[in-house]
Amino acid sequence: MTSVNHPVAVLAGFAGLAAEQKSQDVTDWAARIGWVVGLLLVIALVYWLMREGWKWRGTLQGDLPELPQAPAEPGEPQLAHPSPATTLKGNGPLTLSGRYHGSTTAGQWLDRIVAHGLGTRSRVELTLTDQGVSVVRPGAQDFFIPAAQLRGARLDKGIAGKVLAEGGLLVITWSHGDRLIDSGFRSDHAAEHPAWVEALAVKNTEHNQEGAR
């Protein structure tokens, strides 16, 4: 003889299943919220450690003198030297618009220098004159590299943890205090880089010749 479930028992069963499903949904949401909160805490910890590391590095570099500032009359921009390497630039003035990617101890592309705002990436306007290189950075600290402190330039692909295509970075080497510094720049028009390398090589040769006199 087939037994018939009592309607009240059936309703109670459905109610139990619904309550169990609701409990599972609540548990899932609680677990998800827990994961999100945990992830946010990890991100905050990493950010705090990076910030403290940045401050610590800046403290270690506290002996770096204040950055030179451009003279009141820096002079007219130099012209690119005519050569096969600079045909795209012609004999135009050596100015450059692009990005500043950071500075490091010369020859050590990961040893970032952060003192005096040198660690801050930014837009940049470069101008080469007889007196040196003017570095204008909207939203960050400007500085000037006197001609006597220029030590040359090269094309590279990475600096301060930033990696670009081979030759996509103009690296200017200069001295400041007792440090030799590499500063990395990328023009909005990478074809301009060789003209700068050549012009700064000439500038460095002129400085060495004057020092030998």
Less than 4.5 Å apart, side chain to side chain, heavy atoms only: is that true for P74 and S134? no

Okay, side chain of R112, backbone of W109: is any donor-acceptor separation there less than 3.5 Å? no

With a 4.5 Å heavy-atom cut-off, do T127 and V136 have their side chains touching? no

Ignoring hydrogens and geometry, is there a side-chain-to-backbone donor-acceptor pair from R186 to G168 under 3.5 Å? yes

Run L164 and H101 through side-chain contact (heavy atoms from CB on, under 4.5 Å) and show every step you take. CA-CA 10 Å; L164 302 170; H101 284 292; 4.2 Å; yes

Work out which heavy atom in E192 is nearest to a heavy atom in S187; give both atom names and the distance. OE1-OG, 2.7 Å

For a quick test of reading the model, state the closest non-hydrogen atom pair linking G102 to A160 and the distance between them. CA-CB, 4.5 Å

Heavy-atom nearest pair, P138 first then S122, reads O-CB, 4.3 Å

Classify the ring geometry of Y100 against F185: parallel below 30°, tilted from 30° to 60°, perpendicular beyond 60°. tilted

Calculate, to the nearest 0.5 Å, the distance between atoms CD1 and OG1 belonging to I113 and T105 respectively. 4.5 Å

Say you draw a straight line from CD of Q149 to CD1 of I172; how long is it, rounded to the nearest 0.5 Å? 13.0 Å

Value rounded to 0.5 Å, distance of CZ in R99 from NZ in K162: 8.0 Å

Between V124 and L94, is there shared hydrophobic-cluster membership here, with clusters defined by ILVMFWY side-chain heavy atoms closer than 4.5 Å? yes

Do you know the tightest heavy-atom contact between A199 and L128? CB-CD2, 3.8 Å

State the CZ-OG distance between R179 and S103, to the nearest 0.5 angstrom. 11.5 Å

Would you say the side-chain atoms of Q131 pair up with the backbone N or O of E73, donor to acceptor, closer than 3.5 Å? yes

Side-chain contact, heavy-atom cut-off 4.5 Å: L169 with K157? no

Would you say W174 and L200 make side-chain contact, with heavy atoms under 4.5 Å? no

Check against side-chain contact (heavy atoms from CB on, under 4.5 Å), L170 and L96: CA-CA 11 Å; L170 169 66; L96 179 154; 4.1 Å; yes

Check whether any side-chain heavy atom of K203 lies under 4.5 Å from a side-chain heavy atom of D130, and answer yes or no. yes

Looking at D188 and R123, does any basic side-chain N land under 4.0 Å from a carboxylate oxygen? yes

Point-to-point distance, once rounded to the nearest 0.5 Å, from CD1 of I181 to CG of L67: 7.5 Å

For residues Q141 and E66, report the shortest heavy-atom separation together with the two atoms involved. NE2-OE1, 4.4 Å

Considering only heavy atoms from C-beta outward, does the side chain of R154 approach that of D182 to under 4.5 Å? yes

Distance, nearest 0.5 Å, that separates OG1 of T129 from CD of E76: 9.5 Å

Just wondering, do L64 and L118 contact through their side chains at under 4.5 Å, heavy atoms? yes

Begin with the C-alpha distance, continue with both residues' side-chain angles, and end with the deciding distance and a verdict on side-chain contact (heavy atoms from CB on, under 4.5 Å) for L126 and V135. CA-CA 5 Å; L126 294 184; V135 184; 3.6 Å; yes

Could you pull out the closest heavy-atom pair between V197 and A153, with the gap in Å? CG1-O, 3.6 Å

If you define the side chain from C-beta out and look only at heavy atoms, does anything of V133 sit under 4.5 Å from W196? yes

